[in-house]
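All heavy atoms count here, side chains included; hydrogens, waters and symmetry mates do not. Indexing begins at 1, ligand by ligand and atom by atom, following the structure's order.
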Amino acid sequence: MKRIRLLDLPALHAPIRDRLHQTLAEVIDSGQFILGPQVEQLEIEIARYCNARFAIGCGSGSDALYLTLRALGIGQGDRVITTPFTFFATAGAISRTGARPVFADVDPQTLNLDPASLLAAIRSSGRPSAVIVVHLYGGAADLDPIRDLCREAGCALIEDAAQAIGAEYKGTRVGSLGDAGCLSFFPSKNLGAMGEAGMVLTNDPQLADTVRLLRVHGSRDRYIHEMVGTNSRLDALQAAVLRIKLQYLDQWTRMRQRNASLYTESLARSGAPVKLPRPAPYQTRHVFHQYVIRCPERDSLREFLEARGIETAVYYPVPLHLQPCYRDLGYSEGDFPIAEQAARQVLALPVHPCLAPEDIEYVVAAIHEFYSAH
Ligand SMILES: Cc1ncc(COP(=O)(O)O)c(C=O)c1O
């Protein structure tokens with residue numbers, strides 16, 4: 001049986017295997033494993049790629065969010081508004097600082113933070129210290145109204161761009177449009193390391209300096225600690241891998257975009273009654289970290305595809321306001337109906353750059369077959 005994986009890293013790396021081996025060998029021979037020249041170069045290259053003045057490498061995307069919040073002075077007694085329809089790390093970072101996550105619902109079309117719901121959350125929660133907007137699946141959230149609301153509320157705007165490196169909002173790269181942007185280089189991301197890695201982007205020199213301090217236990221001079229930070233340094237092996245892979249990112253993104261277009265054309269033609277990802281009502285460059293359809297019979301469709309060798313995934317089945325660890329925040333089912341419905345209906349299809357048009361056709365034919373039989 002044909003097998004279509006959600007992700008195929010060995011296939012992605014095969015054409016650049018020699019370059020990866022070479023750069024890993026160079027780092028091993030250099031004996032410099034934590035921070036150092038590879039990390040510094042990567043920071044320059046990613047800052048340039050994302051149109052940001054500063055980029056600070058750190059241990060993971062989760063840490064990038066945590067370090068950013070800490071650098072903004074956020075902690076106990078603060079409230080930070082975000083979406084309940086994201087990976088747990090977005091809210092987890094808020095809680096790790098001692099601040100309280102406050103949720104606002106998402107827009108039904110883009111599944112990103114809805115400005116109207118954000119306004120309601122700002123009004124009802126008292127003055128928030130920050131808003132974290134997430135560019136889910138690689139599509140930009142509607143930053144203009146969100147930025148205006150943050151400005152009026154006098155709070156910081158953080159972009160969680162973990163899934164969206166290279167995505168654009170009205171012609172500008174995401175991650176550089178708020179006070180800070182956070183990237184994840186988890187191996188499955190569009191630009192993935194071979195382990196954990198993340199990065200903070202900002203145009204603010206003071207914020208950049210504080211993030212740099214916090215990632216090394218708040219220490220500028222050895223054994224003198226100005227702040228209580230953490231150990232969240234990017235390592236040179238990961239940076240070296242990322243520097244090679246960055247050179248292919250635009251090419252890989254184009255393949256993802258091509259695959260997404262093939263799905264959209266072919267699924268529309270097949271007449272399958274699934275909701276397709278539609279372009280946002282503002283200008284964006286979507287980088288298709290995920291291609292996500294929606295349908296009420298999601299779980300049986302998923303099983304049907306699995307039986308035909310097609311891997312799919314659900315990002316995310318439980319919205320964050322309904323997570324067991326957030327019971328004490330006082331939310332209940334029905335509070336964020338759009339996020340809750342999305343959690344019941346979303347299904348991510350394989351869209352990675354190594355898929356051939358025949359693979360997409362195979363997936364679409366299987367979806368068509370499912371609906372013909374039901
Ligand atoms: C939206 C979002 N935020 C944050 C993270 C956390 O990144 P990491 O896994 O590198 O800690 C991820 C990725 O896993 C993510 O998808």
### Message
Thr90 vs Asp160, test: side chain to side chain donor-acceptor pair (under 3.5 Å). Steps then yes/no.
### Response
CA-CA 7 Å; Thr90 315; Asp160 180 341; 2.9 Å; yes
### Message
Taking a cutoff of less than 4.0 Å between a non-hydrogen atom of the residue and any ligand atom, is His135 in contact with ligand 1?
### Response
no
### Query
Mind checking whether Phe103 and Tyr331 have parallel, tilted or perpendicular rings, split at 30° and 60°?
tilted
### Query
Hey, is Arg285 close enough to Asp250 for a salt bridge, meaning N to O under 4.0 Å?
yes
### Query
What residue and atom, counting heavy atoms only, is the protein's closest point to atom 15 (C) of ligand 1, and at what distance?
Ala162 CB, 3.5 Å
### Query
Salt bridge check: are Arg3 and Glu306 linked by an N-O gap of less than 4.0 Å?
yes
### Message
Tell me the closest heavy-atom pair linking Ile74 and Thr97, and the distance in Å.
### Response
O-CB, 3.6 Å
### Task
Measure the distance from atom 16 (O) of ligand 1 to every protein heavy atom, then report the residue, atom name and distance (to 0.1 Å) of the closest one.
Gln163 NE2, 2.9 Å
### Nearest non-hydrogen protein atom, atom 11 (O) of ligand 1
Ser62 OG, 2.5 Å
### Query
Between Val134 and ligand 1, is there a nitrogen or oxygen pair with a distance under 3.5 Å?
no
### Message
If the cut-off is 4.0 Å to any non-hydrogen atom of Ala89, which atoms of ligand 1 fall inside it?
### Response
4 (C), 5 (C), 6 (C)
### Query
So is Ser184 polar-close to ligand 1, meaning N/O to N/O under 3.5 Å?
yes
### Query
Can any side-chain N or O of Gln238 pair as donor or acceptor with the backbone N or O of Ala193 at less than 3.5 Å?
no
## Note on the structure
shortest atom 3 (N) of ligand 1-to-protein heavy-atom contact is with Asp160 OD2, 2.7 Å
## Note on the structure
For Gly61, the ligand 1 atoms with a heavy-atom partner under 4.0 Å come out as 6 (C), 7 (O), 8 (P), 10 (O), 11 (O)
### Task
Carefully, step by step, assess Phe87 and Tyr315 under the rule ring-ring contact (aromatic ring centres under 6.0 Å, His included).
CA-CA 8 Å; Phe87 180 57; Tyr315 307 115; 9.1 Å; no
### Pair Arg96 + Asp63, salt bridge at N-O below 4.0 Å
yes
## Note on the structure
atom 13 (C) of ligand 1 sits nearest the protein heavy atom Lys189 NZ, 2.7 Å
### Message
Give the atom numbers and elements of ligand 1 that come within less than 4.0 Å of a heavy atom of Thr86.
### Response
1 (C)
### Distance filter under 4.0 Å to Thr90 heavy atoms, resulting ligand 1 atoms
3 (N)
